[in-house]
Amino acid sequence: MNPVIDTILNHRSIRSFTNEPISKEQLDTIISAGIAASSSSLLQVNSIIRVTDIDKRKALVELSGSQPYVEGAAEFLVFCIDFQRHHEMNPEIKAEYTELTLIGAVDAGIMAQNCLLAAESMNLGGVYIGGLRTHAQEVDNLLELPDYTAVLFGMCLGHPAQTPQKKPRLSPDVIVHENTYQPLDKNKIHEYDDIMSTYYATRSSNQKQSSWSEQITGKLSQESRPHIKGYLNNKGLAIK
């Protein structure tokens, strides 16, 4: 083990923060770590919107599904797909291909994870806010995003005011396949359900009686933001 691995394996989502600000040096380091992340073909098709305006923060609380830490965190960053600057460089680029949208989404995830790991290495904490996509167009309007640019998710960052338990994950035996895709070992899922049921029932907040498979299959049985395709298409993305 080493400090990098320890930071990765000790990840917890933080949703409660102190009033202490993140220093400019810390934030600069976090952003630099994000920019240093891998980028497909060095396209660099992402932008980060740092939201400091308190009224915008309050609006984003509601647009994210009433998540108060969006306002309370020391920093709130919004990660976007961004082909606008490439379009300004050359209007002949073909940003409408779904492959490019996938590249933008993948690279944003890599960039954001670098940012979060950098923050956690400095004893800061954070949480991803995918709820921004629930009202993607309204968030887009609030942040004045141009064509060929689309909101993906947000990230709260700050000094932790809580120490939540580490959330168990699926076993590598379920996640990792060798050479070909392997059939699901349902016994492994049952074992994980038992672990998660205990976790949900005994964690320090938001306790509930549920298994992982019940919760996840219930979520996946519902509509999942069906407006997103139209939103992306209206921004000139994922059309072809």
Side-chain angles (χ1 to χ4, degrees), residues 4 6-23 26-35 37 46-54 56-81 105-136 138-139 142-143 150-170 196 199-200 202-208 210 212 215-216 219 224-225 228:
V4 175
D6 289 342
T7 298
I8 293 170
L9 294 181
N10 284 316
H11 166 71
R12 294 162 174 79
S13 291
I14 300 298
R15 295 177 173 85
S16 179
F17 303 93
T18 71
N19 293 326
E20 184 179 355
I22 291 176
S23 71
Q26 287 174 317
L27 183 61
D28 287 348
T29 300
I30 290 166
I31 297 299
S32 294
I35 293 173
N46 299 109
S47 281
I48 300 172
I49 311 294
R50 180 192 179 204
V51 184
T52 58
D53 182 276
I54 190 62
K56 289 184 184 292
R57 284 277 202 108
K58 289 179 178 178
L60 288 169
V61 168
E62 299 307 314
L63 293 174
S64 66
S66 299
Q67 300 186 65
Y69 24 93
V70 170
E71 180 183 359
E75 296 286 342
F76 187 66
L77 308 177
V78 179
F79 292 80
C80 304
I81 295 175
V106 169
D107 282 9
I110 299 170
M111 173 184 279
Q113 188 66 6
N114 263 26
C115 289
L116 185 57
L117 287 173
E120 290 177 338
S121 76
M122 294 183 277
N123 295 317
L124 302 171
V127 64
Y128 287 97
I129 307 295
L132 293 184
R133 296 192 302 279
T134 301
H135 297 284
E138 291 90 337
V139 174
L142 183 71
L143 302 180
V151 61
L152 289 172
F153 53 85
M155 180 186 290
C156 297
L157 291 172
H159 294 266
Q162 61 177 174
T163 54
Q165 297 100 315
K166 185 176 176 181
K167 189 175 291 185
R169 296 296 203 266
L170 283 167
M196 288 303 295
Y199 167 79
Y200 285 139
T202 60
R203 63 184 176 181
S204 57
S205 62
N206 193 27
Q207 296 175 355
K208 57 186 174 182
S210 177
W212 176 79
Q215 177 177 320
I216 297 308
K219 180 178 179 64
S224 185
R225 298 181 180 128
I228 287 295

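- More than 12 heavy atoms of other residues, nucleotides or ligands sit less than 6.0 Å from atom NZ of K208.
- Note that CG of L152 and CD1 of I81 are 4.5 Å apart. Values are rounded to the nearest 0.5 Å.
- The two residues C156 and A73 come nearest to each other via the heavy atoms CB-CB, 3.7 Å.
- In the model, Y128 has a side-chain atom that pairs as donor or acceptor with a side-chain atom of Q113 under 3.5 Å.
- E71 places no side-chain N or O within 3.5 Å of a backbone atom of P68 that could act as its donor or acceptor partner.
- When side chains are defined from C-beta on, P168 counts as touching M196, because their heavy atoms get closer than 4.5 Å.
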(Q) Show, in sequence, the C-alpha distance, side-chain angles and deciding distance for H11 and L117, and conclude whether the side chain to side chain contact (heavy atoms under 4.5 Å, CB included) test is met. (A) CA-CA 8 Å; H11 166 71; L117 287 173; 6.0 Å; no
Q: Take L170 and W212, measure what side chain to side chain contact (heavy atoms under 4.5 Å, CB included) needs, and give me the verdict at the end.
A: CA-CA 10 Å; L170 283 167; W212 176 79; 3.9 Å; yes
(Q) Before you tell me yes or no, could you show the steps for K58 and I54 under side chain to side chain contact (heavy atoms under 4.5 Å, CB included), namely the whole-Å CA-CA distance, both residues' side-chain angles and the distance that decides it to 0.1 Å? (A) CA-CA 6 Å; K58 289 179 178 178; I54 190 62; 4.0 Å; yes
Q.
I'd like to know whether M155 forms a side chain to side chain contact (heavy atoms under 4.5 Å, CB included) with V127, so could you lay out the CA-CA distance, the side-chain angles of the two residues, the decisive distance to 0.1 Å, and finally the verdict.
A. CA-CA 6 Å; M155 180 186 290; V127 64; over 6 Å; no
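- A side-chain donor-acceptor contact under 3.5 Å links K166 to the backbone of L9.
- Looking at R57, its side chain does come within 3.5 Å of a backbone N or O of V51 through a donor-acceptor pair.
- In this structure, R15 CZ and Q67 CD are separated by 7.5 Å, a value rounded to the nearest 0.5 Å.
- Distance alone, capped at 3.5 Å, places no donor-acceptor pair between the R50 side chain and the I48 backbone.
- In the displayed structure, N10 atom CG is contacted under 6.0 Å by more than 12 heavy atoms of other residues, nucleotides or ligands.
- Minimum heavy-atom separation, I35 to M111: CA-CE, 4.3 Å.
- Residues V151 and I49 fail the side-chain proximity criterion, which asks for heavy atoms closer than 4.5 Å.
- Here the CD-CD1 distance, from E75 to I30, works out to 8.0 Å after rounding to the nearest 0.5 Å.
- Residues K167 and R169 share a closest heavy-atom pair of O-NH1, 3.2 Å.
- Contact detail for Q165 and T202: the closest heavy-atom pair is NE2-O, 3.7 Å.
- Within a 6.0 Å sphere centred on CG of N123, other residues, nucleotides and ligands contribute 12 heavy atoms or fewer.
- Not a single donor-acceptor pair under 3.5 Å links the side chain of S32 to the backbone N or O of T29.
- Rounding to the nearest 0.5 Å gives a distance of 8.5 Å between CD1 of I110 and CG of N114.
- Annotation: the span from L143 atom CG to C80 atom SG amounts to 6.5 Å, rounded to 0.5 Å.
- Taking both residues in full, the closest heavy atoms of G158 and A74 are given as CA-CB, 4.0 Å, listed atom of the first, atom of the second, then distance.
- When side chains are defined from C-beta on, L132 counts as touching V78, because their heavy atoms get closer than 4.5 Å.
- Closest approach of T7 and S121 over heavy atoms only: CG2-N, 3.9 Å.
- For S64 (side chain) and L60 (main-chain N/O), a donor-acceptor pair under 3.5 Å exists by modelled atom type.
- Of the possible polar contacts, none joining the Q26 side chain to the I22 backbone as a donor-acceptor pair under 3.5 Å is found.
- A donor-acceptor pair is defined here as one N or O able to donate and one able to accept, closer than 3.5 Å; no such pair exists between the side chain of Q162 and the backbone of F17.
- To the nearest 0.5 Å, the span separating CD1 on I129 from CG on L77 amounts to 11.0 Å.
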